[in-house]
Peer 1: 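What follows is a structure written as structure tokens; I'll ask about it next.
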Amino acid sequence: MSSDPTRPPESNSASDSEKRIKRFLATASHDLQSPLRHIAMYAELLLDDLEGTLDGEQLQSLRMIMEKAQTAQRLTKALMSLAGGTPQVTPEEVDLQALAENVWGELTDETAVGEATLESDGLPSIRTDPALFGLVLRHLLTNALIYRGEAPPHVAIAAEREGTDWFIRISDNGAGIDPAYRERIFEPFWKLPKPGTVQGAGLGLTTTREFLAALGGDINLEHSDEGGSRFIIRLPIA
């Protein structure tokens, strides 16, 4: 029996999606490099010129601008290398507790979600690329704040070591993911329907999986029902 010539093979479709993602990442990362470089440069110049005239809070704000711009520069370089097929990963010792709290603080400020809480006490230090893994956390925590239920958002992060891997579980008390959609959440350019929200590009979980693959790990949806969802991340210890 001959195949339908009007329907492209699934492998070709997947390959086309992967090429589109890589094109998107390469273009966006390249275009961001110049403005980020200028932000970091001007922040550093202001620090040098005004350090003696600013108070402690103003100096801290300038240092924060410079550090965030430099972090974004490292991230966009990593994205470009990922798009080129040769991921540039710079592993270092990362305080997972501090990283999670930092990302959570930024997101709750940006989204202005009232009464959102994070439970993450006692997370270990892990060896990974802080920029890439920080973006992984940002994607997952953003989803927990967007796809929330009626109760104030609550997210719990726990980590445990098993053999040669870390297993990091991120749980929320959101509305859960409809069983009809669970096989699709990692598909590129696919977005979980949610009335009344501005839809993104549909690449959050897709790029999250790509970043973790570059770090030698992976991610899966471990559980989801009307009480919330739980994702599990596996990362190698070394």
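The analysis underlying the following values was restricted to heavy atoms, covering all of them including side chains, and did not include hydrogens, waters or symmetry mates.
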Peer 1: Quick one: does any side-chain atom of N173 pair with a main-chain N or O of P152 as donor and acceptor, under 3.5 Å?
Peer 2: yes
Peer 1: Within a 6.0 Å radius of atom CZ on R161, are there more than 12 heavy atoms belonging to other residues, nucleotides or ligands?
Peer 2: no
Peer 1: Could you tell me which non-hydrogen atom of R127 sits nearest to which non-hydrogen atom of E93, and how far apart they are?
Peer 2: NH1-N, 3.7 Å
Peer 1: Can you confirm whether more than 12 heavy atoms, excluding those of E115, are under 6.0 Å from its CD atom?
Peer 2: no
Peer 1: Minimum heavy-atom separation for L132 and D129, please, with both atom names.
Peer 2: N-OD1, 3.1 Å
Peer 1: Is M64 linked to L36 within one hydrophobic cluster, defined over Ile, Leu, Val, Met, Phe, Trp and Tyr using a side-chain heavy-atom separation of less than 4.5 Å?
Peer 2: no
Peer 1: Can you name the closest pair of heavy atoms from P153 and V113 and give their distance?
Peer 2: CG-CG1, 3.5 Å
Peer 1: Can you give me the closest heavy-atom contact between L205 and F186, atom names plus distance?
Peer 2: O-CD2, 3.5 Å
Peer 1: Supply the atom-to-atom distance Y147 OH to T142 OG1, rounded to the nearest 0.5 angstrom.
Peer 2: 10.5 Å
Peer 1: Is the side chain of R184 donor-acceptor paired with the backbone N or O of Y181 at a distance under 3.5 Å, no angle test?
Peer 2: no
Peer 1: Mind checking whether F133 and V89 have side chains closer than 4.5 Å, heavy atoms only?
Peer 2: no
Peer 1: Check whether any side-chain N or O of R138 sits under 3.5 Å from a backbone N or O of V103 as a donor-acceptor pair, and report yes or no.
Peer 2: no
Peer 1: Between T128 (side chain) and P91 (backbone), is there a donor-acceptor pair under 3.5 Å?
Peer 2: no
Peer 1: Just so I know, are the side chains of H223 and D225 near enough to count as touching, which here means a heavy-atom distance under 4.5 Å?
Peer 2: yes
Peer 1: State, to 0.1 Å, how close T108 and A116 come at their nearest heavy-atom pair, and which atoms those are.
Peer 2: CG2-CB, 4.2 Å
Peer 1: One pair to check against salt bridge (Lys or Arg N to Asp or Glu O under 4.0 Å): R234 and E162. What are the steps and the verdict?
Peer 2: CA-CA 10 Å; R234 182 192 60 81; E162 296 181 17; over 6 Å; no
Peer 1: Drop me the distance from I65's CD1 to Q60's CD, to the nearest 0.5 angstrom.
Peer 2: 10.5 Å
Peer 1: Measuring only between side-chain heavy atoms, which start at C-beta, is L137 closer than 4.5 Å to I170?
Peer 2: yes
Peer 1: Look up atom CG in N102 and atom CD in Q97, then write down how far apart they are to the nearest 0.5 Å.
Peer 2: 11.5 Å
Peer 1: Decide yes or no for I168 and L96: does some side-chain heavy atom of the first lie under 4.5 Å from some side-chain heavy atom of the second?
Peer 2: yes
Peer 1: Would you say E222's side chain and R230's backbone share a donor-acceptor pair under 3.5 angstrom?
Peer 2: no
Peer 1: Any heavy-atom pair between the side chains of D55 and Q58 that's under 4.5 Å?
Peer 2: yes
Peer 1: Over all heavy atoms of both residues, which pair between E101 and S120 is shortest? Give the atoms and the distance, please.
Peer 2: CG-OG, 4.3 Å
Peer 1: Out of curiosity, R63 CZ to L54 CG, how far, rounded to the nearest 0.5 Å?
Peer 2: 9.5 Å
Peer 1: Heavy atoms, side chains only, cut-off 4.5 Å: are S34 and R37 in contact?
Peer 2: yes
Peer 1: Side-chain contact, heavy-atom cut-off 4.5 Å: N143 with D172?
Peer 2: no
Peer 1: Decide yes or no for E187 and T206: does some side-chain heavy atom of the first lie under 4.5 Å from some side-chain heavy atom of the second?
Peer 2: no
Peer 1: Give, for atom OG1 of T53 and atom CG of L59, the distance between the pair rounded to the nearest 0.5 Å.
Peer 2: 8.0 Å
Peer 1: Atom OG of S229 and atom CG of L140: how far apart are they, to the nearest 0.5 Å?
Peer 2: 11.0 Å
